[in-house]
Each structure stands twice: as C-alpha cells, then as structure tokens.
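Only one structure is covered here, and it is reproduced in the block below.
Lettering follows sequence order; numbering is per chain, from 1.
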There are 2 protein chains.
Amino acid sequence: MTVVLKTSHHHGNLRAGLVEAGIEILESEGLDALSLRKCAARAGVSHAAPAHHFDGVAGLREAIATEGFQRFGAAMLREAAPEQDPRARLKAICRGYLAFAREAPALYRLMFSTGMRSQPDAHLAHGPSSAYGILREFCAPFVPEGTEPTVIETQVWALCHGYALFILHGIVPDSPALDTAVLDLVERIGAAPAS
Amino acid sequence: MTVVLKTSHHHGNLRAGLVEAGIEILESEGLDALSLRKCAARAGVSHAAPAHHFDGVAGLREAIATEGFQRFGAAMLREAAPEQDPRARLKAICRGYLAFAREAPALYRLMFSTGMRSQPDAHLAHGPSSAYGILREFCAPFVPEGTEPTVIETQVWALCHGYALFILHGIVPDSPALDTAVLDLVERIGAAPAS
DNA sequence: CATGTCAACTTGACGCCGTCAAGATGCATT
DNA sequence: AATGCATCTTGACGGCGTCAAGTTGACATG
C-alpha cells in the first residue's frame, strides 16, 4: 500500500505519506497511539523526519485533522446528493455527519480536539466546499431573514456533535431509535420558536 | 496549600491528594500536561507512588473524572435550586452544565473523554444525585407516557454537550445570544414533534 | 516487650516519546 | 564540474509510564 518509489532521501511526497500513515494508525490503534515516531516508522523514514514537515506533534495532528475535514465534508455531501427537499437535505448531512463519526471515530475525535485549537476556521470555514461551508449552505433555507445564520447552524451542529460523541463514548446506546429522535429534532430546529 | 501532615510513609490520604493535585494541574496547565509524575511531585511523593493508588494513568484520569462529575452535578443543582417551573428548571440545569464547562474546561473535557471509556455508567448513572440521575429527574416532566425517557435526555444533553465543546474549542463565539438560542431549543424539546 | 507481617512508599531501571544539533545525501543551478 | 540547499539520518537529551526490588513504619501476635 502507498508505494512511494523513493531512492534514499528526497522521495515523493513524504508529508502526505506521513498524514496517511497517521490516519491508518488512528484507525487501527486509536487516538492515544498516534505519535510522530510511529508515523515515521510506518512511512519508512527515520524518527526525526516528520519534524521537517510538521511543527511538532501538534502540527501533525493539525495536518491529519485537515485531511479529516476533507473526508468529513465529502461524507456529508455524499449522503445529501440524492435528496431534493431542503428539509430532507438538512437531515441528510446530519446522517452523513453521524456516519462519518461512526466510520472513523478516532479521526473524528482528533478533528474536534486540541488539534485545531490554533486556527479552527482554517479547517472549517475556508471555502464553500469546507465542512462549515456545507453546513451553512444546507442551513440557509431555514434561517429567518434578519437573523444570524450562526444560531441555526450552531443548534444543528451542536446537537449532532454531542450525540456523536455520546455514541462514540458509549454514554448512550447506539440505536436507530435515538438516531431518528435526533434527526427529528434537527427537523424541528427550522420551525418557529416556542410560544 | 493542602498541608498533609505526613511523617515519612503512610500519610493521610494520598489518593485524594493526588486527585486534587491532578485537578490543579488541569486548571493551570491544561489537559495534555496531566501526568502521574507531576501529580506525584505536586503531592510531594515519589514518582511511582501513584501507581499504588490508581491503575496506571487511565486510572488516575478516571478518579479525577469521578470527582469532576461530583462537582458537575453540584453545579447543575445549584443553578436549578431557585427555579420552580419544570421548564425553567430544565433550562437551569443546562445553564449549570454550560457554566461548569466554562469554569473548568480541562476537567470537563477530561470527564467526557477516554477517561471514562471503561465504565461510563459508574460516573453518570449511579444514584439519583449523579449527573445522569439529575438529568433524568429534570427531563421526566417532558417525557410523554409510553416513551423511552432516553430520547428526551439524549436530545437535551447532546445539544448541551456539543455546544459546550464548540465554545471550548473556539469553533463558535462565546456569546450570550448563542446561549439563549441553545436554551430556547432545549425548551422546545419537550414540545410536540413536527407535523 | 520482642517479633513478624503487611501495606505504603522509595529507588532505580527500562523503553517509548518529542525534540534538538550535527552530519550525510542527492537534486538543481551555474 | 562545482556549488548550494532542501531533505533526510544519526545520536543524544529529558520527560513520561511502568515494573521490580528494597525500605520504612504501623499494627497484631506471642
């Protein structure tokens, strides 16, 4: 997997290879097992090579998080593609949200942890195809005029995020009934506020 | 601080002292800085002493999380005490939830992270004064008969949890307007589902 | 009072980790 | 062909978790 056709120094694209190795370690060994040295070993380079591509371990985590947000956005769009109704589309990106968290739990937790403490917007808000851009686009039909879009977006994503983490940590059972309950609440977020 | 009146070995209650030291380290240096050796140093014992009280670093984190959940429940109850209306009381424990997360962010993140991977129920669901018992009690007035209480509880807590983490990570601004938006949604959770 | 027992803590060591300094290598430009 | 430079290697350092062995002091037993 990932043949690099290296000579000795100066092989193809070590930075990408290290990120890929990191994601594989996350999937197979979990979040705590991620280390610069393990990524280097898996990529077939010396233990200090990653330091030339990332600013310490925080930089590696940030780079992995950036790649994760790419896949995250793709997972949401994939789920929403067949839907037409705005309400169905909003629920669909939430399904994609939960599906991604279940498929790559360690990567998901890395993305939403200290790895992004410095520049969260760099991952989330950059460009319309970013994860946050997707959320904003799909929430837009439900934002009342003269209202901050952030309100609806925060409600939707906070709900999905908290629920996803509760599932990953085993705090709530992983049942389809709870999924539909959460998605139903998403559907209600666009409705009028309580009397 | 925390005079221990020790002789040489066998001082008062080292386990509690180590947990207290750990919480102080969390508050002053953050989540990543927590280590067995630092707790030991701050408690004035040798680097290997904690191993006799906790099962590795995971055990220390779990013990700190347990203490954190005690304070967490107290923070929620404190906020809810003056309220009478069930709806106001539910919103109040959510305010307490957010207040605790803001006051002790590192401790809060420790509580809801791998530290509890083994036995989450041990912290959450044990006894009526536990954090989960409090949630269940305050959600009860809004659970329709013949319905799983877990549904409402999950909706409320997932929303609070996701929102709290977004604030702590700086993903959303820390504004009172978003607080009221989230609390308004909590208020709507008890209402009838969408048409 | 002397003795044995045992939990609590210390000491020292091991390997893994991140990080730094110094050196080796090979491509690219001149 | 010679130089420059980014890239990677090597070796070292301290901090970390963890284990094995030793030391201490309290307490029960004779």
B/S46 side-chain N/O to C/dT11 phosphate OP1/OP2 under 4.0 Å: no
Grab the [atom1]-[atom2] distance between [X] and [N] for me, whole Å please.
{"X": "A/D55", "N": "C/dG18", "atom1": "CG", "atom2": "P", "value": "14 Å"}
{"X": "B/I25", "N": "D/dG15", "atom1": "CD1", "atom2": "C1'", "value": "14 Å"}
{"X": "B/H53", "N": "D/dG17", "atom1": "NE2", "atom2": "P", "value": "16 Å"}
{"X": "B/D32", "N": "D/dG15", "atom1": "CG", "atom2": "P", "value": "18 Å"}
{"X": "B/L14", "N": "C/dA7", "atom1": "CG", "atom2": "P", "value": "17 Å"}
{"X": "B/N13", "N": "C/dA7", "atom1": "CG", "atom2": "C1'", "value": "14 Å"}
{"X": "A/E29", "N": "C/dC17", "atom1": "CD", "atom2": "P", "value": "9 Å"}
{"X": "A/L36", "N": "D/dG15", "atom1": "CG", "atom2": "C1'", "value": "15 Å"}

C/dG12 base / B/H47 side chain donor-acceptor hit below 3.5 Å: yes
A/D55, CG: over 12 other non-hydrogen atoms inside 6.0 angstrom: no
Side-chain touch A/L159/A/Y163, heavy atoms, less than 4.5 angstrom: no
Presence of salt bridge, B/R95 and B/E83, under 4.0 angstrom: yes
Touch class at under 4.0 angstrom, heavy-atom based, for B/A48 against every strand present: base
Under 3.5 Å side-chain donor-acceptor pair for B/R109 and A/S113: no
Most 5' of A/H52 and A/R37 on DNA chain D, judged by nearest nucleotide: A/H52
Nearest-neighbour nucleotide for the B/V45 side chain, D/dT10, C/dT10, D/dC16 considered: C/dT10
Nearest-neighbour nucleotide for the B/K38 side chain, D/dG17, D/dC16, C/dT10 considered: D/dC16
Any donor-acceptor N/O pair, A/Q155 side chain to B/A181 backbone, under 3.5 Å: yes
